[in-house]
Amino acid sequence: MAMKTESRRILKKLVKNPTAMLGIFLLVFFIIVAILAPVLAPSEPGKDPFKMLPAKTAEGKMIWSSNPIAPDSTHPFGVIGKYDVWYGVVWGTRSAFKIGLIVSIISSIIGIIVGSISAYFGGWIDEILMRITDMFMAIPFLVAAMIMTTILGKGLDKVTIALIIFGWMQVARLIRGNILQAKEEQYVLAAKALGIRNFWIIVKHLLPNTIFPVIVQISMRMGSLVITAASLSFLGVGAEIGYADWGTLLNYARNYMMQLDKSWFAVVYPGIAMVLFVLAWNLVGDALRDIFDPKMRA
Amino acid sequence: MVETEKITAREEVLTVKNLVKHFPIRGGVFKTIVGWVQAVDDISFHVYKGETFGLVGESGCGKTTAAMTLMRLYNPTSGSAFFGGRDILSIRGSELRGLKKNIQMIFQDPYSSLNPRMRVKNIIAEGIKTHHLASGRQDLLDKVADMMKKVGLSADHMYRFPHEFSGGQRQRIGIARALAVEPQLILCDEPVSALDVSIQAQVVNLLKDLQNQFGLTYVFVAHDLAVIKHISDRIGVMYLGKMVEMTDKRSLFNHPMHPYTRALISAIPIPNPELKKNRTILVGDVPSPINPPSGCRFHTRCPIAQPICKEQEPLFEEKSTGHFVACHFAK
């Protein structure tokens, strides 16, 4: 059937594209790490695994000095600010997925709702919604996110809220533009002529024909959102102290910036994780864009 | 004979009175209205039960706008249209949705009129579901299959997507979608002008068959006089947002009263190279509907125009039984 051939076509294109395969491979790798986090880096039983505890020596003693410890057999990625970098990188993968997925999905839903209402009904509704969107866009994103986290307080959940509040506008604009174009199509007029309710016209006729660029954008944003969250953590307004998050690890490394020979591992390992995570999403996003672009269809 | 039946029945299904649709032109920083496109300007006509009323005119004369406004896809500027005892131009909400079960529309472009991401089954079923015309899943499927057979499609193709069909087949899907809600009146907006000539005849004949089968009434919008002549019982001729002539097919083609209608009819090609025809060639372009000419809108191109045509707008009057014309010199 048609739908099957369509999905088979998409699958075939993905498999044939080496960069897309690399992206998918990296993504699968990160997903496996996130799932296996309790195995790869066991946490203390009965405690929140995202709250990092001071690392222990091979003999099981707590480390009290906050000086960096170079990688060894007990701490494969070393220790920074009393915390095990390996543990932070492994559990940080989960944090990255959590932030990326929650923020991009919720902000996209908000964007889709605002954009489609704006475009479909037009007139003063469009005018009001778009001016609100402009207002949000006029505020520099990082500054806005920092102010939000200072108001809401520290913590990854607060960062998530801040990123959602200041992250829906691009999607709203994108979907608005697409729907403005699609709503002139005769099948939309036909649906109106049949007396179908506006809600269903948007959901069943307009969104299926306009949402694919948004899906591409979501996957592209997944990576950059993690960077933004990490930069907030790095600046000290993101995750709380000791939270298993890549940015937090980098924040500890900041204190030893002048002695990179002693603390290089605290920059390199979380850094590699972040670079690969962003790369994975961008490659997948590129592949999706190629697939959904009708002009690229052969 | 069908025709005598229609003449004796003569029940008006749709009565349009003084329909006006003006589109605002916005400009400037504050998007203020700087002008109006007078797409449809004060037209009146009536459609009898079971007949096909052809609406003809060149591009931009407002015939499609008139159909769209009657379907309530555009909000009318003013005027009224009576259907089933109600003014369909003023109803709203659930009553309006109910009306859309009784009046349906067939669209011009078979490519743009079907949602490319919906299966044929869902396209046809949507209206049935919206108006609760099926008593269950199986009944719905049966109705869709039945509808597809009636328009000459195979019910096996129910789960296909529109792009798997040809233009003519797609138009049949559009007809099935309109017919599925069991309407009384169908507004056909140039349903065949995007199709090949060979396919046009098939679709026009299908529409005629369906009309006989279900007792449908059509308002058939077209710019092709040959098609209009083939399908219509009565015809309205529009020019620049105005109805200039309205009568039954025979008197329109045998005895056209308005100079514009005469020019249109003389432009129909005759497949006989020997025959020399006396063509009335209209000079100039259609004036802009933003700034229509004063008086009679046709006076700028009219071969028999007199000073009065520029000053005074002719009334749309019944010059002989059932033959309405808007011209100072109609005879």
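We name chains A, B, ... by the order of the sequence lines, and we start the count at 1 in each one. The analysis underlying the following values was restricted to heavy atoms, covering all of them including side chains, and did not include hydrogens, waters or symmetry mates.
- When each of A/Ala191, A/Gly195, A/Ala182 is scored by its heavy-atom pairs under 4.5 Å with chain B, the top score falls to A/Gly195.
- More than 12 non-hydrogen atoms from other residues, nucleotides or ligands lie less than 6.0 angstrom from CD of B/Glu58.
- Rounded to the nearest 0.5 Å, atoms CD1 (B/Ile123) and CG (A/Leu194) are 11.0 Å apart.
- Among B/Asn115, B/Leu73, B/Thr130, B/Leu99, the residue with the largest count of heavy-atom pairs under 4.5 Å with chain A is B/Asn115.
- With a 4.5 Å cut-off on non-hydrogen atoms, B/Arg177 touches chain A through its backbone and its side chain both.
- Summarising the geometry of A/Ala193 relative to B/Phe107, their closest heavy-atom pair is CB-CZ, 4.4 Å, with the distance given to 0.1 Å.
- The number of heavy-atom neighbours closer than 6.0 Å to CZ of A/Phe29, taken from other residues, nucleotides and ligands shown, is 12 or below.
- The part of B/Leu114 that comes within reach of chain A is its backbone (N, CA, C, O), which places non-hydrogen atoms under 4.5 angstrom from that chain.
- Closest heavy-atom contact between B/Ser113 and A/Ala190: O-CB, 4.4 Å.
- The environment of A/Phe25 atom CZ is sparse: at most 12 non-hydrogen atoms of other residues, nucleotides or ligands sit within 6.0 angstrom.
- The contact list for residues 141-148 of chain B toward chain A, using heavy atoms and a distance under 4.5 Å, is empty.
- Heavy-atom neighbours of B/Arg92 CZ from other residues, nucleotides or ligands within 6.0 Å: at or below the threshold of 12.
- For the atom pair CG (A/Leu206) and CZ (B/Arg117), the distance works out to 12.5 Å, reported to the nearest 0.5 Å.
- The OG atom of B/Ser112 lies 4.5 Å from the CD atom of A/Gln186; values are rounded to the nearest 0.5 Å.
- Once rounded to the nearest 0.5 Å, the distance linking CE of B/Met71 with CG of A/Leu189 reads 10.5 Å.
- For the options B/Arg72, B/Gln108, B/Met68, heavy-atom pairs under 4.5 Å to chain A are most numerous at B/Gln108.
- For the set A/Lys204, A/His205, A/Lys192, A/Glu184, the entry with the most heavy-atom pairs within less than 4.5 Å of chain B is A/His205.
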